[in-house]
Number of protein chains: 2
Amino acid sequence: MLISTKGRYALRILIDMAEHQTAGCITLQEIAQRQDISEKYLESIVRELVKKGIVAGQRGKGGGYRLCRSPEQITAAEVLRIMEGSLAPVACLTEGAAPCRKAAQCRTLDFWRGLRDVIDDYARSCTIADMMQTGGDGDDYII
Amino acid sequence: MLISTKGRYALRILIDMAEHQTAGCITLQEIAQRQDISEKYLESIVRELVKKGIVAGQRGKGGGYRLCRSPEQITAAEVLRIMEGSLAPVACLTEGAAPCRKAAQCRTLDFWRGLRDVIDDYARSCTIADMMQTGGDGDDYII
DNA sequence: TCTTATTCCTACTATACTCGTAGGAAAGTA
DNA sequence: TACTTTCCTACGAGTATAGTAGGAATAAGA
């Protein structure tokens, strides 16, 4: 029941970008160095964020990435849903899944729905801006 | 971020046992038939529950399993923690994990702690007895 | 005692997923 | 043109999930 590195790194990347935001672009190389994540692996994560309109990329010299929205407008739920595919704890509650044939008789469905809801409510209540307020002083992260 | 079949099945098994509780024992075969889960796979799940004192096994003819506690006293959190190893969403918050060197500087740690807490609070608030009250009329489950 | 039913235990396997790596094409700047 | 940067496709090692297989130990009953 662990969040994968993709989800965890995506949050770190976005916090990093928000903290080092300037008029121009931020390159993958910068982020990779600060966050100590392989540039190539970062690439695959950022690509997902580009595809979903969270960040925008600009190619060529002087290029890089920038946030498409302010950190206040990016929730953890949105980011994690993009990277993990879904925040649902069981397959039958993933977005787009076919409704279960026996849902009406299922003794556990209500429990899983409740779990999904508390996770979703919490993650929607927390933004990149909120995370910038927490923790210490540097660019140091572990998880 | 999915709960594995072990965790999901364990809840179904315990609900099944609670609903079909008698003076004697319930055999794996019965549960396997009602729940439509392979007897062999059930075995590996129930063994974990025996080891942790949730159910007790009795060998030989007329043997089987029975709950060691009333359904009101078995929480989802306890069962899922046994089967999944932990309910923590990130490795650095799993029980017994070494505290992270840079925890003080981490921008995301507070978020993960909060997520762990809402999951844990919710799962501790729900018991096997609660789940018996929900859903429909039969022994039918899917997830 | 012999048979049968049941849990208990160890080992194995196929598949999928996670966590990356590698190489190069496309596009933009100077 | 030269350089930098994103974009795209493919591959690979390691690990976890979801089981399966076979048999030993134990208990009840004929």
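It should be emphasised that the depicted structure is a prediction, and the values quoted were computed from it without experimental measurement. First the proteins, then the strands, lettered A, B, ... as listed; each starts at 1.
Under the rule for a ring-ring contact (aromatic ring centres under 6.0 Å, His included), B:Tyr65 has no partner lying at least two apart in sequence or in another chain. Residues meeting the salt bridge (charged side-chain N to carboxylate O under 4.0 Å, His left out) test with A:Asp117, sequence neighbours left out: none.
Closest non-hydrogen pair, B:Thr75 versus B:Arg124, comes out as CG2-O, 3.6 Å. Here the closest non-hydrogen pair linking B:Trp112 and B:Pro89 is O-CG, 4.0 Å. In plain terms, the two heavy atoms of B:Arg116 and B:Leu93 that are nearest each other are NH1-CD2, 3.9 Å. The two atoms that bring A:Leu11 and A:Ala76 nearest to each other are CD2-CA, 4.2 Å, heavy atoms only.
Between C:dC8 and B:Tyr65, a contact under 4.0 Å exists linking OP1 or OP2 to a side-chain N or O. Of the side-chain N and O atoms in A:Ser4, none sit less than 4.0 angstrom from OP1 or OP2 of C:dT18.
For the pair A:Met1 and A:Glu43, nearest-nucleotide mapping onto DNA chain D gives the more 5' position to A:Glu43. With the nearest nucleotide of DNA chain C identified for both A:Gly62 and A:Glu84, A:Glu84 has the one nearer the 5' end.
Put simply, the side chain of A:Leu14 reaches to within 4.5 Å of the side chain of A:Val55, judged on heavy atoms.
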Show the distances under 3.5 angstrom between N or O atoms of the protein and N or O atoms of nucleotides 25-28 of chain C.
{"residue": "C:dA26", "atom": "N3", "partner": "A:Arg59", "partner atom": "NH1", "Å": "3.3"}
{"residue": "C:dA27", "atom": "O4'", "partner": "A:Arg59", "partner atom": "NE", "Å": "3.3"}
{"residue": "C:dG28", "atom": "N2", "partner": "A:Lys61", "partner atom": "N", "Å": "3.4"}

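Overall bending of the helix from C:dT1-D:dA30 to C:dA30-D:dT1, expressed as the angle between end axes built from five pairs apiece, is 10° (10° steps).
Close approach of DNA chain D to chain B, defined as any atom under 4.0 Å from a non-hydrogen atom of the protein, starts and stops at D:dA18 to D:dA28.
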Distance-only donor-acceptor pairs under 3.5 Å for side chains of residues 40-48 of chain B, two or more places apart:
{"residue": "B:Tyr41", "atom": "OH", "partner": "B:Thr5", "partner atom": "OG1", "Å": "2.9"}
{"residue": "B:Ser44", "atom": "OG", "partner": "B:Tyr41", "partner atom": "O", "Å": "2.7"}

